[in-house]
Amino acid sequence: MTKQSNDVGGKKQESKDIEATQDRPVFVPATDIYESPEEILVVCDMPAVDEKNAEVRLEEGVLTIVGLQDLQEPEGHQRLHRGYDSGVYRRSFTVSAQIDSSKIQAKMDQGVLRLVLPKFEEAKPRKITVQAGA
Amino acid sequence: MYWSEFRDPFSDMRRFQREVNSLFGGTSTETDGFPALNLWSNDEEAIVMAEIPGMNPEELDVTVKGDLLTLKGERKGDDIAKEGMVCHRVERGSGSFCRALRIPFDVENAKVHAQYTKGVLTITLPRAEASKPKKIAVAG
């Protein structure tokens, strides 16, 4: 009660620096990020988001992920308990310039968005074989 | 029989306490565990929704007994991280979870329907005939 929090059901709400036109709460999706010398993997939890309502953009080194949740309100029913709210998922990350934006793959499966961001061929590490001197 | 009618005398008190807390707590429901649940109902049925992304539907364990709904499962960690990968962020939780929820009426166990799509579990619980309110005609 001492804490001023708008978090609903463990979902983190975004600070309102840039407000959306739609009056729906904006949540920060829980995200895992892995990197290998060849690619970056981004995995976001975005339940109730249809693949048609998910958007991934890479502009000027900023990766932005947006997902609109389907409304989850059964008609003709009275709400008895609210453990979570539905709204919009949005999150941005800065990524290095080594990403080949034309080869980004995005897949949505059971409310989990998986992105593969491959690096440019030139950015991948190369092993140079050292030849023995004559 | 008397004892079959027995209910926990403190359950109403706890419910009242929760309601008062939610009055002051605004929209915050931080006490809610994982998965977060929404409960809806009308005269015919109750609907429970839970956001549990990335599950295999077969690994969700939903049981109903009387008016008590129990939800169990385990979120497995991802195996996407190949060898030699550096991990920058791990925010998505994993592990097993269990939640129980009391529905405001007895449920017709055989007709409960559970559906898992887009990471959202929706359980429809029809009200048991015996628990439906009956209108009694008053003879004049």
Side-chain angles (χ1 to χ4, degrees), chain A residues 1 3-13 25 27-51 53-54 67 69-70 72-86 89 91 93 95 108-114 116, chain B residues 15 18-19 21-22 24-57 75 77-78 80-94 99 101-104 116-122 124:
Chain A
M1 284 247 342
K3 241 191 332 182
Q4 274 293 320
S5 168
N6 291 318
D7 293 1
V8 174
K11 283 185 184 175
K12 256 202 243 163
Q13 255 189 332
F27 302 111
V28 181
T31 305
D32 290 354
I33 300 180
Y34 298 93
E35 183 170 358
S36 76
E38 292 86 31
E39 59 195 10
I40 295 176
L41 297 183
V42 180
V43 185
C44 296
D45 275 348
M46 300 206 293
V49 174
D50 193 274
E51 59 262 31
N53 296 326
Q69 283 194 299
D70 298 344
Q72 304 171 57
E73 306 214 346
E75 268 177 48
H77 289 71
Q78 190 195 350
R79 195 207 293 261
L80 298 184
H81 173 77
R82 186 177 71 166
Y84 66 89
D85 223 341
S86 56
Y89 281 109
R91 196 157 182 183
F93 297 99
V95 286
M108 191 76 160
D109 186 29
Q110 295 291 26
V112 179
L113 178 73
R114 282 162 212 274
V116 182
Chain B
R15 190 172 302 160
R18 271 202 304 273
E19 274 167 25
N21 281 348
S22 69
F24 293 105
T27 57
S28 172
T29 48
E30 281 162 279
T31 49
D32 240 56
F34 183 88
L37 303 173
N38 276 347
L39 169 65
W40 312 76
S41 92
N42 62 12
D43 291 341
E44 297 296 315
E45 59 183 14
I47 295 176
V48 173
M49 289 192 185
E51 290 187 338
I52 322 172
M55 292 285 298
N56 182 346
R75 277 193 87 186
D78 266 303
I80 50 156
K82 294 167 214 155
E83 208 157 307
M85 280 197 139
V86 186
C87 177
H88 294 307
R89 276 170 200 268
V90 183
E91 296 169 357
R92 300 169 59 241
S94 64
R99 279 204 76 175
L101 189 69
R102 206 170 276 284
I103 310 297
Y116 183 69
T117 37
K118 295 181 212 167
V120 179
L121 177 68
T122 306
T124 312

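Residue numbers start from 1 in every chain, and the chains themselves are labelled A, B, ... in the order their sequence lines are given, proteins ahead of strands.
With a threshold of 4.5 angstrom between heavy atoms, A:P29 approaches chain B through N, CA, C or O but not through any side-chain atom. Within the 4.5 angstrom heavy-atom criterion, no atom of A:V42 approaches chain B. Using a 4.5 Å cut-off between heavy atoms, B:E45 contacts chain A through both its backbone and its side chain.
Here the CZ atom belonging to A:R79 is positioned 12.5 Å from the CD1 atom belonging to B:I47, to the nearest 0.5 angstrom. Note that CG of B:L37 is 12.5 Å distant from CG of A:L80, once rounded to the nearest 0.5 Å. With rounding to the nearest 0.5 angstrom, the CG atom of B:N42 is 12.0 Å from the CD atom of A:E75.
With a 4.5 Å cut-off on side-chain heavy atoms, A:Q69 and B:E51 count as touching. Contact of the B:M85 side chain with the A:L41 side chain is registered, since non-hydrogen atoms from C-beta on lie closer than 4.5 Å. Contact of the A:P47 side chain with the B:I52 side chain is not registered, since no non-hydrogen atoms from C-beta on lie closer than 4.5 Å.
Interface check for chain B: of the options A:P37, A:S86, A:S36, A:P74, the most heavy-atom pairs under 4.5 Å are formed by A:P74.
Taking the charged nitrogens against the carboxylate oxygens, B:R75 and A:D45 do have a contact shorter than 4.0 Å, which makes a salt bridge. Taking a cutoff of 4.0 Å between a charged side-chain nitrogen and a carboxylate oxygen, A:E35 and B:R89 do not qualify as a salt bridge.
The heavy-atom pair separating A:Y84 from B:A50 by the smallest distance is OH-N, 3.9 Å. B:P53 approaches A:G111 most closely through the heavy-atom pair CB-O, 3.5 Å. Contact between A:D32 and B:V90 at its shortest, heavy atoms only, is OD1-CA, 3.3 Å. Taking every heavy atom of both residues into account, A:G83 and B:N38 meet most closely at N-OD1, 2.9 Å. Of all heavy-atom pairs between B:R92 and A:A30, the closest is CG-O, 3.5 Å. Looking at every heavy atom in both residues, A:T31 comes nearest to B:E91 through N-OE1, 2.8 Å.
Distance alone, capped at 3.5 Å, places no donor-acceptor pair between the A:Q78 side chain and the B:S41 backbone.
Among the candidates A:Q72, A:H81, A:E73, the single residue satisfying the side chain to side chain contact (heavy atoms under 4.5 Å, CB included) test with B:W40 is A:E73.
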Is there a side-chain contact (heavy atoms from CB on, under 4.5 Å) between B:K118 and A:D50? Walk through the geometry before answering. CA-CA 7 Å; B:K118 295 181 212 167; A:D50 193 274; 3.1 Å; yes
